[in-house]
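As structure tokens, the structure follows; a few thoughts come after it.
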Amino acid sequence: MFSAHTFGDTGKMKDYHYTGPTEHKFSPYAFNGGTVLAVAGEDFAIVASDTRLSEGYSIHSRDSPKCYKLSDTTIIGCSGFHGDCLTLTKIIDARLKMYKHSNNKTMTSGAIAAMLSTILYGRRFFPYYVYNIIGGLDEEGRGAVYSFDPVGSYQRDTYKAGGSASAMLQPLLDNQIGFKNMEGVQHVPLTQAKAVQLVKDVFISAAERDVYTGDALRICIITKEGIKEETLPLRKD
């Protein structure tokens, strides 16, 4: 370490220390926040997300939903690094078009989930920083939810939350939909109206506690008639 002595305006001697070169680090990833959620019912599926795109304490966009339509019966919710979300959805869209031209039919939700697993696993040494949840209808018309980790491991669920507020949403879904940690409760089937209201309630609660979740809620309801979208305002601070 080197020291140098100079005199300031007051005439007093000041010390300057040189501690060596400064290391500048580069990360190919960033966390852009956001929360996604999917719920499967008997003949419907719901995929929902907030619309806030942020980084640190800065909000880049208040209108950036994380739900992407893949087919007439399948929607994917992506949260994590927004750049990887865009890249991954473009790759999936291209693969779906190739499948449609080759087989003259649309890929099912289960097939899309299996394909996404191989795409993610193929990038396991430099993964897409994305948490994916697929919601849609299976071959029999029942609701299906598939959740993924960044390197391709996936499973079929009835409900799943992912993203920055997932730790707050998942226990509430476990209690209200999975009837976990409850004694003597009647297991009633989940209706579409109840599921939509529950999704709204959990996102309103999450927006109160998580700074990366907010602005608006985009709900996509998938049935055999098609996909219907709803938007609900959330808190904007």
Side-chain angles (χ1 to χ4, degrees), residues 24-38 46-71 74-97 112-113 115-136 145-154 160-170 199 202-204 206-220 222 227 229-237:
H24 295 279
K25 294 184 178 179
F26 166 76
S27 173
Y29 298 117
F31 179 65
N32 296 120
T35 305
V36 294
L37 166 68
I46 297 173
V47 181
S49 77
D50 70 312
T51 62
R52 178 172 294 180
L53 181 67
S54 58
E55 185 175 358
Y57 294 109
S58 300
I59 296 177
H60 295 317
S61 173
R62 296 186 186 275
D63 186 22
S64 179
K66 297 152 191 72
C67 301
Y68 303 89
K69 180 181 176 182
L70 301 181
S71 71
T74 310
I75 287 180
I76 185 171
C78 305
S79 67
F81 177 37
H82 187 59
D84 281 353
C85 291
L86 296 177
T87 302
L88 185 58
T89 51
K90 286 180 181 177
I91 291 173
I92 296 172
D93 191 48
R95 294 280 292 270
L96 290 176
K97 288 179 180 176
I112 293 174
M115 179 189 71
L116 177 57
S117 176
T118 61
I119 293 173
L120 293 172
Y121 188 72
R123 282 286 300 264
R124 64 192 178 279
F125 297 117
F126 187 17
Y128 293 113
Y129 184 21
V130 183
Y131 294 92
N132 301 284
I133 299 177
I134 287 178
V145 169
Y146 301 91
S147 58
F148 298 77
D149 75 352
V151 291
S153 177
Y154 79 107
K160 193 69 175 181
S164 58
S166 61
M168 288 178 269
L169 267 58
Q170 194 66 41
V199 168
V202 297
F203 266 95
I204 290 171
E208 295 291 328
R209 291 287 182 178
D210 180 32
V211 297
Y212 300 114
T213 301
D215 293 315
L217 168 63
R218 181 69 56 84
I219 304 175
C220 301
I222 309 161
I227 297 173
E229 293 187 357
E230 293 184 20
T231 302
L232 176 76
L234 299 174
R235 64 180 296 165
K236 293 177 168 52
D237 58 349

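If you're wondering where the values come from, they're calculated on a predicted model, not measured in any experiment.
Applying side chain to side chain contact (heavy atoms under 4.5 Å, CB included) to V36 and the options V47, I133, N132, I76 leaves one that passes, I133.
Between the side chains of D210 and S164, at least one donor N or O sits under 3.5 Å from an acceptor N or O. A donor-acceptor contact closer than 3.5 angstrom links the side chains of T35 and T213. In this model, no donor atom of one side chain and acceptor atom of the other lie less than 3.5 Å apart for S64 and S61.
Side-chain contact between I75 and Y68 is absent, with no heavy-atom pair separated by less than 4.5 Å. Counting only heavy atoms from C-beta outward, the side chains of V130 and L120 never approach each other to under 4.5 Å. At least one side-chain heavy atom of L169 sits less than 4.5 Å from a side-chain heavy atom of F203. Side-chain contact between C78 and Y131 is absent, with no heavy atoms from C-beta onward closer than 4.5 Å. Contact of the L86 side chain with the F81 side chain is not registered, since no non-hydrogen atoms from C-beta on lie closer than 4.5 Å. Looking only at side-chain heavy atoms (C-beta outward), F148 and I119 stay at 4.5 Å or farther from each other. Residues D93 and L70 have side chains not in contact (no heavy-atom distance under 4.5 Å, counting atoms from C-beta outward). Side-chain contact between V199 and L37: present, with at least one pair of heavy atoms (C-beta onward) separated by less than 4.5 Å.
In the displayed structure, R235 atom CZ is contacted under 6.0 Å by more than 12 heavy atoms of other residues, nucleotides or ligands.
Interatomic distance, D84 CG to T89 OG1, rounded to the nearest 0.5 Å: 10.5 Å. Rounding to the nearest 0.5 Å places CG of L53 at 9.0 Å from SG of C85. Annotation: the span from I219 atom CD1 to E229 atom CD amounts to 10.5 Å, rounded to 0.5 Å. With rounding to the nearest 0.5 angstrom, the CG atom of L234 is 7.5 Å from the CG atom of D215. For the atom pair OG1 of T231 and CZ of R218, the computed distance is 4.0 Å after rounding to the nearest 0.5 Å. Note that NZ of K236 and CZ of R52 are 9.0 Å apart. Values are rounded to the nearest 0.5 Å.
What you find for G33 and Y212 is that their closest heavy atoms are CA-CB, 3.9 Å. Of all non-hydrogen atoms in S117 and G152, the two that sit nearest each other are OG-O, 2.6 Å. Between G136 and I222 the shortest heavy-atom distance is CA-CD1, 3.9 Å. A pairwise comparison of heavy atoms in P150 and P127 identifies O-CB, 4.1 Å as the closest pair. Smallest separation of non-hydrogen atoms from C220 and I227: CB-CG2, 4.3 Å. Nearest approach of A113 to Y154, heavy atoms of both residues: CB-CE1, 3.9 Å.
Here K66 pairs with D50 in a salt bridge; the nearest charged N to carboxylate O distance falls below 4.0 Å.
A distance-only check finds a donor-acceptor pair linking the side chain of N32 to the backbone of H82 [under 3.5 Å]. Here the side chain of T74 pairs no donor or acceptor atom with the backbone of S71 at under 3.5 angstrom.
For R124, the side-chain hydrogen bond (donor to acceptor under 3.5 Å, both in side chains) test picks out no residue, with sequence neighbours left out.
Ring geometry for Y29 against Y129 counts as perpendicular: the plane angle is over 60°, on a 0 to 90° scale with 30° as the lower cut.
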